[in-house]
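Below is one structure, written out as structure tokens, with a few remarks after it.
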Amino acid sequence: VMIALAYPPNNYDSMTYHLPRVMFYLGQSSLAHFDTANFRQVFFPFDLTILHLAILQNGVAYAKLLTLVNIGFWIGAGAAIFRICRLASYSIGASLCAAWLALTSTEILAQATATTNDLPTGTALLMAVVFIQNWIFTERQKISGRVNFSTANQNDAIMNRRGRMKYGF
């Protein structure tokens with residue numbers, strides 16, 4: 001976080017694509033297409049551009065805050081990795097270790113302090129995996145609950161029949 005706040009975005013992709021796109025939108029006060037030789041600036045989805053636009057509309061003095069967007073996604077990726085491991089029945093220690101190893105890898109640390117969309121896209125995919133795992137886990141519990149519930153009803157029906165026959169009801 002200290003490194004992210006100490007330096008404004010300065011990597012090649014941020015300087016040639018992401019931030020110029022935001023500046024074009026700010027300059028024309030519109031999200032409409034604009035003339036450019038770099039077609040990525042016009043045809044790629046908005047995703048992070050809107051967040052960057054919200055920060056830079058208050059002035060370029062806030063440029064150092066742009067890296068906090070990816071820091072937030074970096075934290076989200078760690079939380080998603082931890083949750084995926086916990087849903088896979090790993091221990092808390094193993095889940096923390098997996099999240100720590102993933103978050104401290106060189107490529108992830110480099111992406112965490114940039115304004116590129118790689119880390120947010122990866123985080124979105126990790127969170128989708130968490131939602132899918134949660135859904136599968138919930139559906140399994142519902143199915144096993146239904147099976148147990150229907151088994152209990154069948155056992156009650158059998159006992160009632162026996163009870164009726166035994167007591168003559």
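Reckoned from all heavy atoms, side chains included, excluding hydrogens, waters and symmetry mates. Residue numbers run from 1 in the order of the sequence given.
A distance of 8.0 Å separates CG in Asn11 from OG1 in Thr16, rounded to the nearest 0.5 Å. One finds the CG atom of Leu48 at 12.0 Å from the CG atom of Leu53 (value rounded to the nearest 0.5 Å). The distance from the CD atom of Gln57 to the OG atom of Ser29 is 10.5 Å, given to the nearest 0.5 Å. The structure places CG of Leu51 at 11.0 Å from CG of Leu56, a figure rounded to the nearest 0.5 Å.
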Under 3.5 Å, which donor-acceptor pairs do the side chains of residues 67-88 form with other protein atoms, sequence neighbours left out?
residue: Thr67; atom: OG1; partner: Ala4; partner atom: O; Å: 2.8
residue: Thr67; atom: OG1; partner: Lys64; partner atom: O; Å: 3.0
residue: Asn70; atom: ND2; partner: Gln111; partner atom: O; Å: 3.0
residue: Asn70; atom: ND2; partner: Ala114; partner atom: O; Å: 2.8
residue: Asn70; atom: ND2; partner: Thr116; partner atom: O; Å: 3.2
residue: Trp74; atom: NE1; partner: Leu103; partner atom: O; Å: 3.1
residue: Arg86; atom: NH1; partner: Tyr90; partner atom: O; Å: 2.5

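Under the 4.5 Å side-chain contact rule for hydrophobic residues, Ile132 and Val129 do not share a cluster. Taking hydrophobic clusters as Ile, Leu, Val, Met, Phe, Trp and Tyr residues chained together by side-chain heavy-atom distances below 4.5 Å, Leu66 shares a cluster with Ile108. Leu119 and Leu19 end up in the same hydrophobic cluster when Ile, Leu, Val, Met, Phe, Trp and Tyr side chains are linked at under 4.5 Å. With hydrophobic clusters built from ILVMFWY side chains whose heavy atoms lie under 4.5 angstrom apart, Leu65 shares a cluster with Met15.
Contact of the Leu31 side chain with the Ile50 side chain is registered, since non-hydrogen atoms from C-beta on lie closer than 4.5 Å.
Applying the salt bridge (Lys or Arg N to Asp or Glu O under 4.0 Å) test to residues at least two apart or on different chains, none of the pairs has a partner in residues 107-133. Residue pairs meeting the ring pair (Phe, Tyr, Trp, His ring centres under 6.0 Å) criterion with at least one member in residues 15-34, sequence neighbours excluded, are Tyr17-Phe44, Phe24-Phe34, Tyr25-Phe34, Tyr25-Phe46, His33-Phe43. Identified under the side-chain hydrogen bond (donor to acceptor under 3.5 Å, both in side chains) test for residues 124-135, with sequence neighbours left out: none.
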Please test Leu26 against Met23 for side chain to side chain contact (heavy atoms under 4.5 Å, CB included), starting from the C-alpha separation and ending with a verdict. CA-CA 5 Å; Leu26 281 174; Met23 291 306 191; 4.0 Å; yes
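Not counting sequence neighbours, the partners of Thr104 by the side-chain contact (heavy atoms from CB on, under 4.5 Å) test are Trp100. For Ser105, there are no side-chain hydrogen bond (donor to acceptor under 3.5 Å, both in side chains) partners, not counting sequence neighbours.
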